Amino acid sequence: PDGLLMVSGSMRAGASLAVAMESMAKESKPPLSQEFSLMLAEQRLGVEFDTALSNMEKRMPVPDFVLLVAAMRITREVGGNFAEILESLAITLRRKHDMEGKIKALTAQGRMQGIVMAALPLFLMAILTFMEPEAMNPLYNTLMGWATLFVVFVMITIGYMGIRKIVNIDV
């Protein structure tokens, strides 16, 4: 979003898209600056804008970046205020990242409960084995004990996967 706002501000100040992207590539941090620098270098070598965008999209298949490339293509074909579109896209992406952060914070307790739920039986089994090895011996040395351990591990795994599915919210 910061890079998009930088390009949008440069374009509102009167710079062309190529100049705005070049200044953003120089001033932003490496993953984004490297990709835009490579795209600009491709364009200087004679590659068309759409082809350079496609190459950049292939190198960075991140959904937010795919959205940016689609917006750039559509605006270039249809026309319109490119700076305004980039600014609204930057605001949308920033809101999306904020929402993802809030969701992650609100589901942290559920994720921790899943970890505790999965680890507690294993922890208790280790403690009981240490404290009462004679009582726990049949669990490790008989066929029925092995079957019980297998069922316990399967149920722990299913419970953990269920909790992860509940707290995994995709935005």
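Side-chain atoms are counted along with the backbone in the values below, which use heavy atoms only and exclude waters and symmetry mates. Note that the structure is a prediction, hence the values are computed from the model and not measured.
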- Query: For atom CZ of Arg73, is the number of surrounding heavy atoms from other residues, nucleotides or ligands below 6.0 Å larger than 12?
  - Reply: yes
- Query: Any ion pair linking Glu48 and Arg76 (charged N to carboxylate O, less than 4.0 Å)?
  - Reply: no
- Query: Nearest 0.5 Å, what's the OG-CE distance between Ser37 and Met21?
  - Reply: 10.0 Å
- Closest heavy-atom pair, Ser8 versus Ala83, reported as atoms and distance to 0.1 Å, is OG-O, 2.8 Å
- Message: Quick one, Val7 and Leu17 - any side-chain contact, counting heavy atoms below 4.5 Å?
- Response: yes
- Query: Same cluster or not: are Leu120 and Tyr160 linked, directly or through other Ile, Leu, Val, Met, Phe, Trp or Tyr residues, by side-chain heavy atoms under 4.5 angstrom apart?
  - Reply: no
- Is it the case that one hydrophobic cluster holds both Leu106 and Ile163, taking links as side-chain heavy atoms less than 4.5 Å apart, direct or via other members? no
- Message: Does any part of the side chain of Leu68, heavy atoms only, come nearer than 4.5 Å to the side chain of Leu86, both counted from C-beta?
- Response: yes
- Counting distance only, does the side-chain N/O of Thr142 pair as donor-acceptor with the main-chain N or O of Gly145 below 3.5 Å? yes
- Taking the side chain as every heavy atom from C-beta outward, state whether Glu35 and Met39 have any pair of such atoms under 4.5 Å apart. no
- For the atom pair CG (Leu67) and CG (Leu89), what is the distance rounded to the nearest 0.5 Å? 5.0 Å
- Task: Show your working on side chain to side chain contact (heavy atoms under 4.5 Å, CB included) between Val167 and Gln109 and close with a plain yes or no.
- Result: CA-CA 9 Å; Val167 298; Gln109 181 180 359; over 6 Å; no
- Item | Minimal non-hydrogen separation, Leu4 against Ala90, with atom names | CB-CB, 3.7 Å
- Any salt bridge (Lys or Arg N to Asp or Glu O under 4.0 Å) involving residues 61-72? Give me the pairs, sequence neighbours left out, ordered by first then second residue. Asp64-Lys96
- Same apolar cluster (I L V M F W Y, side chains within < 4.5 Å links), Leu139/Val152: yes
- Task: Kindly compute the distance separating CG (Leu40) from CD (Glu42), expressed to the nearest 0.5 Å.
- Result: 9.5 Å
- Ion pair Glu22/Lys26, N-O distance below 4.0 Å: yes
- Note on the structure: In this structure, CZ of Phe36 is separated from CE of Met6 (nearest 0.5 Å) by 11.0 Å
- Note on the structure: Closest non-hydrogen contact found for Phe82 with Ala71 is CE1-O, 4.5 Å
- Message: Counting neighbours of CZ on Arg59 that are heavy atoms of other residues, nucleotides or ligands and sit closer than 6.0 Å, is the number greater than 12?
- Response: yes
- Can you name the nearest heavy-atom pair linking Ile166 to Ile169, along with the distance? O-CG1, 4.3 Å
- Report whether Val62 and Met24 are members of the same hydrophobic cluster (ILVMFWY, side-chain heavy atoms less than 4.5 Å apart, transitive linking). yes
- Considering non-hydrogen atoms only, spot the tightest contact between Pro1 and His97 and give its length. CG-CD2, 4.3 Å
- Drop me the distance from Asp98's CG to Ile103's CD1, to the nearest 0.5 angstrom. 11.0 Å
- Do other residues, nucleotides or ligands put more than 12 heavy atoms under 6.0 Å from the CE atom of Met117? yes
- Kindly work out whether a path of hydrophobic side-chain contacts (I/L/V/M/F/W/Y, heavy atoms less than 4.5 Å apart) joins Phe153 to Phe123. no
- Item | Met72 and Glu57, any side-chain heavy atoms less than 4.5 Å apart | no
- Close side-chain approach of Met144 to Pro138, heavy-atom, < 4.5 Å: no
- Would you sort out whether Phe65 and Leu32 count as a side chain to side chain contact (heavy atoms under 4.5 Å, CB included), showing the intermediate values? CA-CA 10 Å; Phe65 200 72; Leu32 188 63; 4.3 Å; yes
Extract all donor-acceptor atom pairs below 3.5 Å that involve side chains of residues 125-134 and protein atoms in other chains or at least two apart in sequence.
| unit_1 | atom_1 | unit_2 | atom_2 | d |
| --- | --- | --- | --- | --- |
| Thr129 | OG1 | Met125 | O | 2.7 |
| Thr129 | OG1 | Tyr140 | OH | 2.4 |

- Message: Within the structure provided, determine whether Leu38 and Met56 are in side-chain contact (heavy-atom separation under 4.5 Å).
- Response: no
- Query: Taking atom CD1 of Ile91 and atom CG of Leu5, what is their separation to the nearest 0.5 Å?
  - Reply: 6.5 Å
- Query: Can you name the nearest heavy-atom pair linking Pro61 to Val66, along with the distance?
  - Reply: C-CG2, 4.3 Å
- Query: Side chains of Ile85 and Asn81: closer than 4.5 Å at any heavy-atom pair?
  - Reply: no
